[in-house]
Structures are given as C-alpha cells and as structure tokens.
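Convention: sequence-line order gives letters A, B, ...; per-chain numbering from 1. All values below come from the heavy atoms of this structure, side chains included, with hydrogens, waters and symmetry mates left out.
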Amino acid sequence: MIDIKIIRDNPGFIKDMLTKRGLNLPIDELLEWDKERRSLMVEVQNLRHRKNIVALEVANMKKEGKDPITLMQEMKIITDEIARLEDRIAELENKINYVMMRIPNIPHESVPPGTSEEDNVEVRRWGKIPEFDFEVKDHDEIAIGLGLLEIERASKASGARFYYLKNELVKLNIALIRFALDLLTKKGFEIYQTPYMLRRWVIEGVTSLQDFEDMIYKIEGEDLYLIATSEHSLAALHANEVLDGRRLPLRYAGVSPCFRKEAGAHGKDTKGIFRVHQFEKVEQFVFCKPEQSWEEHEFLLSNAEEIYQKLGLPYRVVNICLGELGVVAAKKYDIEVWMPAQRRYREIVSCSNCTDYQARRLNIRYREMPHEERTKYVHTLNSTAIATERTIAAILENYQQKDGSVIIPEVLRPYMDGMEVLKPKKV
RNA sequence: GCCGGGGUAGCCUAGCUGGUAAGGCGCAGGCCUGGAGAGCCUGUGGCCCUUUCGGGCCUCGUGGGUUCGAAUCCCACCCCCGGCGCCA
C-alpha cells in the first residue's frame with residue numbers, strides 16, 4: 001500500500017503511473033471519499049468531545065444527588081448520531097481500501113518502460129554457454145535416466161507439477177540449501193526456518209490480490225494459507241513492531257518449502273521440475289532504512305550472482321520493465337540461468353526492493369534513536385538465494401555428459417561426501 | 001480438545017463491586033554541579049483539524065453487545081502461562 005498523502009498531494013502523478021501500467025482505478029472518487037471521510041471524522045470527534053464533557057457533568061450531578069435526566073437524554077442522542085456517522089465512515093473506508101489495495105507501488109526511476117517480457121533490459125551476462133558434441137537432453141530426461149526422479153508416479157499420487165526426488169538428487173537438494181545458507185551466514189545473515197502457514201492479513205500485507213488468487217493455497221476451515229515463499233513469513237516476523245534504527249539493516253536468510261498454485265500457467269513448462277507446485281528455496285530478506293534500500297538491493301543481487309557463479313551456471317541479469325514489475329516491487333532484477341535444452345535463459349532468481357509498500361500494510365516501523373518520537377516505515381527487500389528445484393534442473397542440463405552422467409559442481413562436493421559425478425546405476 | 005490463571009504505553013506493574021488509566025523502570029531534554037552521580041521538573045503510541053501557535057479524538061489482546069457513561073459487566077475470537085488428554 002502506498003501513502004494516501006501522495007495521492008492527495010499529486011493525483012496527476014498517480015493517474016499517469018496507472019495509465020502507463022494499463023490500470024484503471026477511480027482516483028477522483030477515491031479523493032472525494034477520502035475528503036468526506038475526514039470531514040465526518042472531524043464531526044465525530046467534536047461529538048465525542050461533547051460526550052466526554054457531558055459524561056463528567058452526569059457523574060458530578062449524581063455525586064451531588066441531583067437527577068441528570070436531561071443530560072442523559074442528550075447523551076443518548078449524541079451516541080446515536082456518532083453511531084450513524086461511523087457507519088458512513090466505515091462504508092467510505094471500505095471503498096477507499098478497495099482502491100488503495102489495488103494501487104501498485106511507485107516504481108524507481110531506473111525501471112524501464114514497457115509492458116511485456118521483451119521490454120526487460122539486460123544488465124549483464126556472466127559465464128560461458130556450454131557447447132555439447134552430442135544431443136542435449138532435458139533435465140527431467142537426465143534425472144529419470146539416472147533413476148533419481150519420479151514424475152509419473154507423483155502425478156498418480158498428487159497430480160501434475162509434483163515429483164519425487166530420489167537418492168543423490170535429494171542429497172543434491174540439501175547440498176544446495178547448505179551451500180546457500182553457509183554463504184549467507186558468512187555475509188552476516190541470520191538464518192530462519194519459518195512457519196509454512198500464515199494468516200490472511202499477513203499474506204494480504206505482502207502480496208497482491210491477484211497473486212493471492214493465482215498462487216496461494218488455502219487451508220480448509222482455517223484462517224491459514226500455505227506460504228508461496230519464506231519472504232512472506234520473514235516479512236511478518238516484525239509486523240506491528242517499531243525497530244531500533246541503530247540495528248538496521250536486519251538481514252535474514254529464510255529456508256522453507258514454497259507452495260504455488262500456478263493458476264493461469266496451464267501448458268507452460270509442463271515437463272520436469274522447472275515449474276512445480278512445491279519446491280524448496282533459500283530466500284534473502286532485508287528490513288532497512290529508506291536511505292539504505294537501493295544499496296541493499298544491489299547487495300542482495302550480488303549475493304545471488306555469487307551463488308550462481310560459484311555453481312558455474314551461466315546467467316544474465318535483467319532489469320524488469322514497468323508492466324512486468326507486479327504490484328509490490330518498486331524495482332526488480334531477475335537472474336535468468338542458461339537452460340541448454342531450451343537454448344535460452346530462464347528465471348531462477350527474483351530480487352525486489354518493495355520500499356515501504358509491505359511495511360505500511362504490516363505496520364513495520366523504526367526509530368532512528370530510542371528516544372525519538374517520530375517513527376518511519378522501514379523498507380523491505382527480498383531476493384532468492386537459491387530455488388533448489390530450478391537450480392537442480394540447471395545443473396543437470398549444464399553439467400550433463402555424453403554417457404548420461406552429470407558432473408557435480410565443485411562447491412557442492414563437500415556437502416555430498418565428496419561425490420564428483422552422478423552416474424547411471426549399472427543394472 | 002478440556003479445566004484454571006493471564007494479556008494495561010518501549011518494559012514492569014496497580015485499577016477490574018462501571019464515572020478524566022495511577023505508579024515504577026528505561027530513554028531524552030532541562031534545572032542543579034568544576035565534572036559526574038543523586039535529586040527535582042518536563043517529555044515519551046496512533047489519527048484528525050491547523051501555514052504557525054495550538055487544539056481535539058482514539059488507544060487497556062481483537063471484534064461485537066449492555067449502559068447516559070465500559071480497562072471494569074456480557075458474548076465471540078486470538079495469543080501467552082500452568083495442569084489434564086492426545087502426539088512426532
């Protein structure tokens with residue numbers, strides 16, 4: 001949620017932004033509702049003031065043994081009038097909230113214009129695209145060939161977009177998690193294993209209503225939702241808190257499974273483990289002061305890049321254009337890893353600066369010094385460190401050998417009892 | 001899931017047979033001092049009106065209800081502590 005004061009002060013700017021994003025929201029009406037709401041608030045406050053005075057008089061008269069019958073009648077009238085005005089205020093607040101929940105964050109000036117994936121701007125490339133002197137296989141073909149992946153049986157048990165990992169692939173998955181956690185620990189991140197279910201108000205605070213529909217699984221009969229990323233649970237960690245500005249930035253690494261409905265992705269990436277309903281992820285999350293957040297954004301990106309460099313996976317960094325930015329982020333980089341079978345770069349990391357958008361809804365503030373009266377909203381940022389299933393897919397494809405084996409990247413070998421290569425089982 | 005006890009400002013605590021939410025700690029500023037400490041004074045959340053100066057309203061876990069008036073009484077829910085039950 002953005003600050004409604006920005007809209008009051010500069011409605012033209014907001015309307016212009018909405019137009020550029022192809023959104024149509026009733027800003028003029030919003031401002032009228034806001035104006036009416038505030039004038040009704042003044043009325044209610046005046047009535048309450050009168051009520052407080054009369055209540056005192058009633059108490060005094062009773063103490064003196066007098067009968068305050070006329071004052072009590074006035075009180076009744078005031079109370080009814082307040083209730084009437086408050087009903088109208090609640091009605092206005094519902095309307096205001098409806099619009100405010102749909103107004104996206106204000107983009108950073110460096111966000112490229114555009115409406116589709118083709119308008120994203122490539123920032124840089126890293127690594128050498130591997131050449132193969134044999135026919136390149138898909139990651140799932142490789143994994144199934146190694147006897148380390150069950151897709152068809154998973155679909156029997158759970159449906160499409162599920163999988164069983166087996167043996168060395170399970171260990172590879174855990175190795176990737178350990179590798180990322182160790183790297184981030186060295187950089188001063190605190191590690192969190194978070195709740196995997198959250199209440200509705202938390203999810204509403206961190207994501208867009210559209211994502212809520214397309215992405216989030218609900219637990220039947222409970223006010224609980226499965227997390228789509230530990231970004232959500234980490235953001236909620238400090239909800240309704242006032243943080244000590246001297247201790248910012250707070251840098252956290254979350255590790256959790258991620259559950260995603262993938263509604264609206266029918267027909268996309270139907271093979272393998274690239275786009276699935278459930279995967280593991282190590283996530284970077286930062287709470288910081290506004291003046292720190294752009295530097296932190298680059299820092300999170302550099303950590304993610306370091307991870308993929310150490311894994312030896314070729315990638316490129318793209319600056320996501322306005323139309324693809326989503327509601328919550330003010331700026332977003334993706335890292336896209338090279339997938340040899342598809343002969344193109346595919347998203348593997350998403351690194352966002354959400355500025356104060358999540359902090360406002362979750363009420364996360366800070367004070368420069370403990371004695372300061374004024375509180376300000378923090379900025380929140382999040383970035384993938386490793387999404388393990390996609391990374392496994394990338395490793396399988398980039399490190400595949402002619403005989404169907406797969407070389408294990410060196411940095412992972414210490415986490416895999418020194419294993420150097422995944423070999424097909426001899427029958 | 002059942003039975004108790006709780007939730008009051010950054011923290012701790014009183015009020016809980018209805019009538020302006022009391023006090024302490026911490027923190028900051030001031031007075032005092034050669035300096036420090038002690039002591040004393042002031043301040044310490046959110047929102048709204050106001051260019052400023054100011055002023056008002058709200059806030060006792062959350063939401064309803066009763067009442068002229070609710071931290072206080074009633075109902076529902078959330079969370080914490082203890083006991084019982086269940087359980088990896």
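Within the structure, a side-chain polar atom (N or O) of A:His49 is placed less than 4.0 Å from OP1 or OP2 of B:C57.
For the C1' atom pair drawn from B:G82 and B:G46, the interatomic distance equals 35 Å after rounding to whole Å. Nucleotides B:G29 and B:A36 have their P atoms positioned 12 Å apart, rounded to a whole Å. For the C1' atoms, the distance from B:U62 to B:G26 is 29 Å, rounded to whole Å. Only the C1' atoms considered, B:G18 is 6 Å distant from B:U72, to the nearest whole Å. B:A70 and B:U59 have their P atoms separated by 9 Å, given to the nearest Å. B:C31 and B:C79 have their C1' atoms separated by 45 Å, with the value rounded to a whole Å. Here, B:U42 and B:C47 have their C1' atoms 24 Å apart, quoted to the whole Å. A distance of about 15 Å separates the C1' atoms of B:C58 and B:U20, rounded to the whole Å.
Across all strands shown, B:G26 pairs with B:U44; the Watson-Crick or G-U wobble distances both stay below 3.5 Å. Base pairing annotation: B:G4 forms a Watson-Crick or G-U wobble pair with B:C81, both donor-acceptor distances under 3.5 Å. B:A76 and B:U62 make up a base pair, with Watson-Crick or G-U wobble contacts both under 3.5 Å. Pair assignment for B:G18 gives none, since no Watson-Crick or G-U wobble pairing has each distance under 3.5 Å.
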| message | ring-ring contact (aromatic ring centres under 6.0 Å, His included) for A:Tyr252 and A:Tyr192? Distances and angles first, verdict last. | response | CA-CA 7 Å; A:Tyr252 298 150; A:Tyr192 281 85; 4.6 Å; yes

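Of the residues near RNA chain B, A:Ala59 and A:Val44, the one whose nearest nucleotide (by heavy atom distance) lies more toward the 5' end is A:Ala59. Comparing A:Leu71 and A:Val242 along RNA chain B, the residue whose closest nucleotide (by nearest heavy atom) sits nearer the 5' end is A:Val242.
At whole-Å resolution of the value, CZ in A:Arg360 and C1' in B:G46 are 14 Å apart. When the P atom of B:U67 is taken as reference, atom CE of A:Met72 falls 11 Å away, rounded to whole Å. Look at CG on A:Leu56: it is 11 Å from P on B:C57, rounded to the nearest Å. Separating the CD1 atom of A:Ile69 from the P atom of B:G69 is a distance of 13 Å, rounded to the nearest angstrom. Look at CG on A:Asp3: it is 14 Å from C1' on B:G46, rounded to the nearest Å. Rounded to an integer number of Å, the gap from A:Glu241 CD to B:G10 P is 12 Å. One interatomic measurement links the two molecules: OH of A:Tyr366 to C1' of B:G10, which rounds to 18 Å at whole-angstrom precision. Taking atom CG of A:Asp223 as the reference point, atom P of B:U62 lies 17 Å away to the nearest angstrom.
Among B:C68, B:C49, B:C57, the nucleotide with an atom closest to any side-chain atom of A:Arg38 is B:C49. Of the candidate nucleotides B:U20, B:C57, B:G69, B:G69 has the atom nearest to the side chain of A:Met75. The side chain of A:Arg48 lies closest to B:C57, out of B:C57, B:G46, B:C68. Nearest nucleotide to the A:Thr375 side chain, out of B:C48, B:G46, B:G19: B:G46. Checking B:G46, B:G45, B:C57 against the side-chain heavy atoms of A:Arg367 singles out B:G45 as nearest. Comparing B:G45, B:C68, B:C78 by their closest approach to the side chain of A:Thr79 singles out B:C68.
A donor-acceptor contact under 3.5 angstrom links the side chains of A:Glu231 and A:Gln358, judged on distance only.
If you check every strand for non-hydrogen atoms under 4.0 Å, A:Arg365 touches sugar and phosphate atoms only. Within 4.0 Å (heavy atoms only), A:Arg199 reaches sugar-phosphate atoms of the nucleic acid but no base atom. Looking at heavy-atom distances under 4.0 Å, A:Asn52 makes contact with sugar-phosphate atoms alone, never a base. Within the 4.0 angstrom heavy-atom criterion, only backbone atoms of the sugar-phosphate kind lie near A:Val42; the bases stay farther away.
Side-chain contact between A:Ile7 and A:Leu31 is present, with heavy atoms from C-beta onward closer than 4.5 Å.
Using cut-offs of 30° and 60° for the angle between ring planes, the A:Phe299 and A:Phe189 rings count as parallel. Ring orientation note: the planes of A:His297 and A:Tyr333 are close to parallel, at an angle under 30° on the 30°/60° scale.
Here the two rings, on A:His238 and A:Phe287, have centers that are under 6.0 Å apart. A:Tyr225 has its ring centre less than 6.0 Å from the ring centre of A:Phe212.
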